[in-house]
Each structure stands twice: as structure tokens, then as C-alpha cells.
Amino acid sequence: MWQRLLGKRVILITGTDEHGEKIATAASACGSSPREHCDVISQAYKMLWKDLDIAYDKFIRTTDPKHEAIVEEFYFRVLAKNDIYRADYEGLYCVNCEEYKDEKELLENNCCPTHLKPCVPRKEDNYFFALSKYQKPLEEILEQNPDFVQPSYRLNEVQGWIKNGLRDFSISRAAVEWGIPVPNDNKQTIYVWFDALLGYISALLEDEEQISLQSAVSSGWPASLHLIGKDILRFHAVYWPAMLMSAGLSLPKMVFGHGFLTKDGMKMGKSLGNTIEPNELVHKFGADAVRYFFLREVEFGSDGDYSEERFVNIVNAHLANTIGNLLNRTLGLLKKNCQLTLVVDSTIAAEGKDFKDTVEELVRLLQI
Ligand SMILES: [Zn+2]
């Protein structure tokens, strides 16, 4: 919004990444096909943005055929660069992260540190992306652009991963049907992250535009910012830039990893039954109050806590009392001394009539 007010062209992209084993399992648990399940979930997200009164320009679903075409073209570019090869892989897998894990980053009983569930041993014959080739270029990029990863304390984390040595990662799954088929081997599907990250580019395609990487890129790539959760930083700050370099595309200018929310000081979880339902929050308190609370109360980038008591106190104290009072008094002064008009800057003055109507309407509503 701020950039738009500065007169810049802004494209805000959001969406749902819909492939992979985790989604297929969730769908069958509800007795739906993956596609039906994704239709329901993506629609719910669209409704949520609407309820929160947050506007976006593009909503990309990774099951969109144009996205699939872009993934295919990208795959061939990386293949032509000799960055894809076939190999056996054996390791510990967290289905919730959709990621093979290094044993040394796991907790007791090989539990994933994010999901606190044991990772399962997997052995597969997969296609691999040659991430290790990009170790040096990635180190250089982070050195030359220290703002690439934000907040700065997350940069240290990323540099740590790279310093430990980057290993090639598998970009296909032999046992997962719900995904985009590997273009030159339809017995496998493309690994969900290798597919999902490309949504940032495929989303840029206009409806009637020719579907090609080149036309998507020329519609607005590279992105100025990826705003993501801290748990998916490795994909965005390590895998993604390497994939882009391999395909000869520019890198996004910044990756910002935001924190997690806790509730009443506790980690939220479905099993604990203490999740915050944003829909309920909006329906109970209104979008403005919800948006104000989280922007005001959570330091951008850090973890933040929600409690209903704090929420009500903050909204009453700031929005109702301080800002509400200010509005009330300003309108009172306008009515008393200025016949409900204001001298304002020329662009707003051009819409002067509307402005006066708004003030009159507010005065009437607030019964000043
Ligand atoms: Zn996990």
C-alpha cells in the first residue's frame, strides 16, 4: 500500500501451494480427492483475505495449468544446465515439512524440531538438483547483499546452513502421485517445493498472455520482497536462489522471515486445541481491530503472543479511546469552526465534495 501511494507499480501475490504427500493425506482423511480438497481450502483462504479486508493482486494456485506449464519449462532449463541427475537417496523424512532432514538437526527419537513428530526412514530413486554447485555463488550473494535475508539475525542462520556445506536435494518423488509429473519421466512427480516456489513467477502471467517463463518474468520479476514464515526460510533463502541461478533468472531482492504466533504464551497446535481461528476473530471483533492488534503488538520478524484479554485492552485503549477520541474531537472542531470543510492538498481537494460528504456522514454517525 505504501509503495503504491508512492506511485509505484505494485503486485501483491498470495496463493495456495497444493501438491505433495501431506495434502493428499489430508484430503483422503476428509474423504475427498486432493483436487476437491484444494478447491475448498483455496476458497477458504480467498474468503479469509476478504474478511480481513486485505487486497491482493494475484492469487496463484499451483494446480493451475499455466503454473504447471511454467514448472515444466523451468525444469527443462535446469536440466539443460546439467543441474539435474538421477540417484538413490536414503534418509529421514518429515512429511509435514515435506523435507529430508539431517540427523543432527533432529530432536530425540528423530523428531522434527518444528512438528515434534518422528521423521520416517525413506529410500527412493529420485532426480536431484545440484545445489552443492551453488555453494560459492550463494556465499557471495549473501556477502554482497547483507539485506537479502531479513531480519538480520535470520541471515546468520542462513549463513550457518551454507557454511555447513550444501548437499544436493531430491526434486522428485517416486511414491507421490499428487504432483506435477516429471517432464521426462512420468513415473515420478516433482517435489512440492521445487514446484511451489515457482508460483511467485507463474502468478505474474496475465490471463490472455502466452504461457512462457519469458512472458511471466517480463510481467514483473524479480520480486522486491518475499514475506514468509521463518520455518520455510531455507527453501526461500537457499534452495530458491540456487534454482533461479541455475535457470538464469534474477533473484528476489529480499526475503523476510516473520515469526510465529503463540496463544496465551503457549505454542499453538491442533492437538492442544488452542489454535486461533482468524475467521472467528474477524467476525467477533472486526477486521480493523484484528489487523491493528497484530501490527501493533508483534514486533515485525519476531514471535508474538495473542491473548484475548490483551487484544481487548489494546483495541479499547488505542483504537477506541486514543484514535477514536482524536477523530471525535477533530470532527467536533471541524463542525464548530470550519463549516465541515478543510483546506487540503490539491489531489484530495479535487475530490473535495466526497470529502465533505464523508465528514458530514461521520458527524451524523457519531452524533457530534
Ligand atoms: Zn517437520
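Quick note: residue numbers are just sequence positions, from 1.
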Q: Would you check if Asp195 and Glu68 make a side-chain contact, meaning some heavy-atom pair closer than 4.5 Å?
A: no
Q.
Using 30° and 60° as the class boundaries, would you call the ring planes of Trp240 and Trp221 parallel, tilted or perpendicular?
A. perpendicular
(Q) Could you check whether atom CD of Glu177 has more than 12 heavy atoms from other residues, nucleotides or ligands sitting under 6.0 Å from it? (A) no
(Q) Do the side chains of Lys253 and Asp147 get close enough for a salt bridge, i.e. N-O under 4.0 angstrom? (A) no
Q: Would you confirm whether Lys66, through its side chain, and Leu205, through its main-chain N or O, come within 3.5 Å as a donor-acceptor pair?
A: yes
**Q.** Pair Arg173 + Glu98: basic N to acidic O under 4.0 Å
**A.** no
**Q.** Test: Arg234 and Glu99 ion pair at under 4.0 Å
**A.** yes
Q: Output yes when Lys58 and Glu206 qualify as a salt bridge under the 4.0 Å nitrogen-oxygen rule, no when they do not.
A: yes
Q. Any chance OH of Tyr153 has more than 12 other-residue heavy atoms, nucleotides or ligands included, within less than 6.0 Å?
A. yes
Q) Just by modelled atom types, is the Gly304 backbone N or O under 3.5 Å from a matching donor or acceptor in the Thr262 side chain? A) yes
Q.
Just checking Glu103: does its CD atom have more than 12 heavy atoms from other residues, nucleotides or ligands closer to it than 6.0 angstrom?
A. no
Q) Is the backbone N or O of Ala196 less than 3.5 Å from a side-chain atom of Thr62, with the two atoms forming a donor-acceptor pair by type? A) no
Q) Under 6.0 Å from the CZ atom of Arg291, do we count more than 12 heavy atoms belonging to anything else shown? A) yes
Q. Heavy-atom distance under 4.5 Å between the side chains of Leu213 and Leu249, does that happen here?
A. yes
Q. Can we say Asp305 and Arg310 salt-bridge, meaning some charged N sits less than 4.0 Å from an Asp/Glu carboxylate O?
A. no
Q) If we ignore angles and hydrogens, is there a donor and acceptor under 3.5 Å between the side chains of Ser32 and His37? A) no
**Q.** Whether Tyr239 and Phe235 hold their rings parallel, tilted or perpendicular, with breakpoints at 30° and 60°
**A.** perpendicular
**Q.** Test salt bridge (charged side-chain N to carboxylate O under 4.0 Å, His left out) applied to Asp303 and Lys267, Lys263, Lys230, the passing residue
**A.** Lys230
Q.
Has Thr322 got a side-chain atom pairing as donor or acceptor with Ala317's backbone, closer than 3.5 angstrom?
A. yes
Q: Spell out, as yes or no, whether a donor-acceptor pair under 3.5 Å connects the side chain of Gln135 to the backbone of Leu166.
A: yes
Q: Could you tell me whether the side chains of Tyr292 and His318 share a donor-acceptor contact shorter than 3.5 Å?
A: yes
Show me the donor-acceptor pairs, under 3.5 Å and distance only, between side chains in residues 77-89 and residues at least two apart or in other chains.
residue	atom	partner	partner atom	Å
Arg77	NH1	Ala247	O	2.8
Lys81	NZ	Ser246	O	3.4
Asp83	OD1	Lys133	NZ	2.4
Asp83	OD2	Tyr134	OH	2.4
Asp83	OD2	Ser246	OG	2.6
Tyr85	OH	Asp168	OD2	2.5
Arg86	NE	Asp125	OD1	3.1
Arg86	NE	Asp125	OD2	3.3
Arg86	NH1	Tyr127	OH	3.1
Arg86	NH1	Asp185	OD2	3.4
Arg86	NH2	Asp125	OD2	2.8

Q. Just checking, any donor-acceptor pair under 3.5 angstrom between side chains of Glu18 and Thr16?
A. yes
Q | Donor-acceptor under 3.5 Å (Arg154 side chain, Gly301 main chain) | A | yes
(Q) Which label fits Tyr56 and Trp49: parallel for a plane angle under 30°, tilted from 30 to 60°, or perpendicular past 60°? (A) perpendicular
Q. Are Phe169 and Tyr191 side-chain neighbours, meaning at least one heavy-atom pair lies under 4.5 Å?
A. yes
Q. Taking the six-membered ring for Trp, are the ring centroids of His258 and Phe294 within less than 6.0 Å of each other?
A. no
Q | Glu124-Ser170 side chain donor-acceptor pair, cut-off 3.5 Å | A | no
